[in-house]
Amino acid sequence: MRFMMLMHPGPKGESGQLPDAKVVAQMMKYNEELQQAGVLLALDGLQASNKGARVRLKGGKKVVTDGPFSEAKELVGGYWMIQVRTRDEALEWLKRIPLGDESEFVELRQVFEMADFSPELQDLAKPLADKLK
């Protein structure tokens, strides 16, 4: 089972301010533990939304809006992709993530697997899935 853990750094993350060295050291230790356990597939931190963009559909046309975006508390600041045996195992890893303050939180989301889709949808996705392997 694959899960994505999404870091929401709160307003501090949108200011461009990096976490303090103590939190970064704790995060590096946590990342090493994920890697040593063999569950880490990928991870990255994301820059503030003022360097990003969004696309929405308005009146049948796609409209691109450059950042920054107003609701800093809802923005993703980074992620981990992990592969574990159960949701409970993913929750155990989630609870171990170091947080800098009470404005930060991490969201756990399970990733769809091909087996989650109907045979018809699997057939549609198979050519691309085969190329990505």
Next on the checklist: Tell me whether E102 at atom CD has more than 12 heavy atoms from other residues, nucleotides or ligands lying less than 6.0 Å away.
Outcome noted: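 Open: at most 12 neighbouring heavy atoms sit under 6.0 Å from CD of E102.
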Are the side chain of [X] and the backbone of [Y] linked by a donor-acceptor contact shorter than 3.5 Å?
| X | Y | result |
| --- | --- | --- |
| Y30 | W93 | yes |
| E89 | R85 | yes |
| E14 | S49 | yes |
| D116 | E113 | yes |
| Q83 | V39 | no |

Next on the checklist: As a test of understanding, state which of Q35, K29, Q36 forms a side-chain hydrogen bond (donor to acceptor under 3.5 Å, both in side chains) with E33.
Outcome noted: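 By the side-chain hydrogen bond (donor to acceptor under 3.5 Å, both in side chains) criterion, E33 pairs with just one of Q35, K29, Q36: K29.
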Can you name the nearest heavy-atom pair linking [X] to [Y], along with the distance?
| X | Y | value |
| --- | --- | --- |
| P9 | E104 | O-CG, 3.4 Å |
| D66 | A53 | OD1-CB, 3.8 Å |
| L99 | M7 | CD2-CE, 3.9 Å |
| M4 | L6 | SD-CD2, 3.4 Å |

Are [X] and [Y] packed together at the side-chain level, in the sense that at least one heavy-atom pair is separated by less than 4.5 angstrom?
| X | Y | value |
| --- | --- | --- |
| I82 | M5 | yes |
| M81 | V111 | yes |
| V76 | L46 | yes |
| R2 | V84 | no |
| V55 | V63 | no |

Item to check | Pairing of E92 and R96 as salt bridge, 4.0 angstrom limit | outcome: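 Salt bridge flag = no for R96 with E92.
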Item to check | Salt bridge present between R109 and E107 (N-O < 4.0 angstrom) | outcome: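 Looking at R109 and E107, the cut-off is met.
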Would [X] end up clustered with [Y] when hydrophobic side chains under 4.5 Å apart are linked, directly or stepwise?
| X | Y | value |
| --- | --- | --- |
| L108 | I97 | yes |
| M1 | L34 | yes |
| L91 | L41 | no |
| L40 | V106 | yes |

Checklist entry - Between F117 and F112, what is the ring plane arrangement, given parallel below 30°, perpendicular above 60°, and tilted in between? => result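 Rings of F117 and F112: tilted, as their planes differ by 30° to 60°.
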Item to check | D88 vs T86, side chain to side chain donor-acceptor pair (under 3.5 Å): CA-CA, chis, key distance, verdict | outcome: CA-CA 5 Å; D88 286 341; T86 66; 5.2 Å; no
Item to check | Spacing of L75 atom CG and F69 atom CZ [to the nearest 0.5 Å] | outcome: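 Answer for the CG-CZ pair, L75 versus F69, is 7.5 Å.
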Item to check | Value rounded to 0.5 Å, distance of CG in D20 from CD in Q26 | outcome: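 Here the interatomic distance stands at 8.0 Å.
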Checklist entry - Between N31 and W80, is a side chain to side chain donor-acceptor pair (under 3.5 Å) present by the stated rule, with each step listed? => result CA-CA 9 Å; N31 293 342; W80 296 263; 2.8 Å; yes
